[in-house]
Amino acid sequence: MKRTVTVEQKRARVVRCIRDLPPGKVSSYGAIARAAGWPGAARQVVRILQQVPGLPWHRVLGSGGAIKLSGEHAAEQRFRLRMEGVTFRGARVDMKQHEFQFTKKVPSTRYPVSSKRKARP
DNA sequence: ACTGTGACACTGG
DNA sequence: ACCAGTGCCACAG
């Protein structure tokens, strides 16, 4: 039979992953998507963060621990993270110390990019 | 059906 | 470090 995983189910898994982030620990959009078994859905993680209230949104960063928000929002995120004891290395979070390790995570799910050639008319 | 958008990820120059 | 190009997925118009 067909598995037809609905978007709703994927969203639910993403939400769970985000809720699993304990204070002082962070993750990234892409890592959350992979941990939720939905590799490549970083942009969907963003949507979910904006739509679902009550999530620890400040613990989700861009790749490499970069804050992808701007202006006041970025300041707010930095503030909240510092309040939880998260340390920074310049403008980015020290992932070495604060990246949360999801036990699950899809095995060797490399980003499906087949560069090797750029736009070639 | 098609196009543009977004708190993204990656690679290459 | 920065920018450009490409890939990704769902959603709004």
Side-chain angles (χ1 to χ4, degrees):
Chain A
M1 5 171 164
K2 309 200 17 173
R3 297 278 88 225
T4 316
V5 180
T6 67
V7 177
E8 272 307 313
Q9 311 191 83
K10 294 175 182 172
R11 285 175 45 108
R13 292 204 298 269
V14 168
V15 168
R16 249 184 293 122
C17 286
I18 297 174
R19 289 217 163 104
D20 280 343
L21 294 174
K25 284 297 175 182
V26 303
S27 190
S28 68
Y29 305 96
I32 294 277
R34 287 191 295 270
W38 195 10
R43 315 197 80 133
Q44 277 36 258
V45 172
V46 169
R47 276 191 146 301
I48 292 167
L49 282 171
Q50 298 177 318
Q51 304 182 334
V52 182
L55 293 179
W57 59 269
H58 58 288
R59 299 187 190 129
V60 186
L61 307 156
S63 182
I67 286 184
K68 305 296 273 187
L69 295 181
S70 52
E72 289 302 315
H73 299 297
E76 168 79 10
Q77 185 167 28
R78 274 192 297 275
F79 174 75
R80 291 190 179 224
L81 288 173
R82 283 186 192 295
M83 288 307 282
E84 297 185 347
V86 173
T87 60
F88 288 69
R89 216 176 26 88
R92 27 180 84 202
V93 166
D94 187 341
M95 296 304 265
K96 213 48 186 233
Q97 274 193 57
H98 305 83
E99 178 161 40
F100 183 74
Q101 298 301 142
F102 288 99
T103 56
K104 208 238 173 194
K105 194 179 283 187
V106 175
S108 63
T109 306
R110 287 193 59 61
Y111 194 78
V113 55
S114 58
S115 44
K116 215 66 221 150
R117 178 226 292 86
K118 9 183 177 200
R120 194 154 250 338

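Here is the naming used below: chain letters follow the sequence lines, and residue numbers restart at 1 for every chain.
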Check residues 42-52 of chain A and write down every donor-acceptor pair under 3.5 Å in which the side-chain atom is one partner and the other belongs to a residue at least two apart or another chain.
{"from": "A/Gln51", "atom 1": "OE1", "to": "A/Arg11", "atom 2": "NH1", "distance (Å)": "3.0"}

What is the distance from [atom1] of [X] to [atom2] of [N], rounded to the nearest Å?
X       : N     : atom1 : atom2 : answer
A/Ile18 : B/dA7 : CD1   : P     : 15 Å
A/Gln50 : B/dC8 : CD    : C1'   : 12 Å
A/Ile32 : B/dA9 : CD1   : P     : 11 Å
A/Gln77 : B/dC8 : CD    : C1'   : 14 Å
A/Arg43 : C/dC9 : CZ    : C1'   : 9 Å

With rounding to whole Å, what would you report as the distance between C/dG13 and B/dA7 at their C1' atoms?
-> 22 Å

Examine A/Phe100 and A/Met83 and state if one hydrophobic cluster contains both, with Ile, Leu, Val, Met, Phe, Trp and Tyr joined whenever side-chain heavy atoms are less than 4.5 Å apart.
-> no

Nucleotide N/O of nucleotides 1-4 of chain C paired with protein N/O under 3.5 Å:
none

What pairs of nitrogen or oxygen atoms, one from the protein and one from nucleotides 10-12 of chain C, lie under 3.5 Å apart?
{"from": "C/dA10", "atom 1": "O4'", "to": "A/Gln44", "atom 2": "OE1", "distance (Å)": "2.9"}
{"from": "C/dC11", "atom 1": "O4'", "to": "A/Arg47", "atom 2": "NH2", "distance (Å)": "3.2"}

For the [atom1] atom of [X] and the [atom2] atom of [Y], what is their distance to the nearest 0.5 Å?
X       : Y       : atom1 : atom2 : answer
A/His73 : A/Trp57 : NE2   : CH2   : 8.5 Å
A/Ser70 : A/Gln77 : OG    : CD    : 11.0 Å
A/Met95 : A/Leu61 : CE    : CG    : 5.5 Å
A/Ser27 : A/Glu99 : OG    : CD    : 6.0 Å
A/Leu69 : A/Arg78 : CG    : CZ    : 9.5 Å

Check whether any side-chain N or O of A/Arg59 sits under 3.5 Å from a backbone N or O of A/Val26 as a donor-acceptor pair, and report yes or no.
-> no

Is there a donor-acceptor contact under 3.5 Å from the side chain of A/His98 to the main chain of A/Asp94?
-> yes

Just jot down the side chain to side chain donor-acceptor pair (under 3.5 Å) partners of A/His58, sequence neighbours excluded, or say none.
-> A/Glu84

Taking the side chain as every heavy atom from C-beta outward, state whether [X] and [Y] have any atom pair closer than 4.5 Å.
X       : Y       : answer
A/Ile32 : A/Leu21 : yes
A/Val60 : A/Ser28 : no
A/Thr87 : A/Gln97 : yes

Looking at DNA chain C, which of residues 56-73 of chain A put a heavy atom within less than 4.0 Å of it?
-> none

Once Watson-Crick and G-U wobble pairs under 3.5 Å are found, how is DNA chain B written in dot-bracket notation, 5' to 3', with | for any base paired to another strand?
-> .|||||.||||||

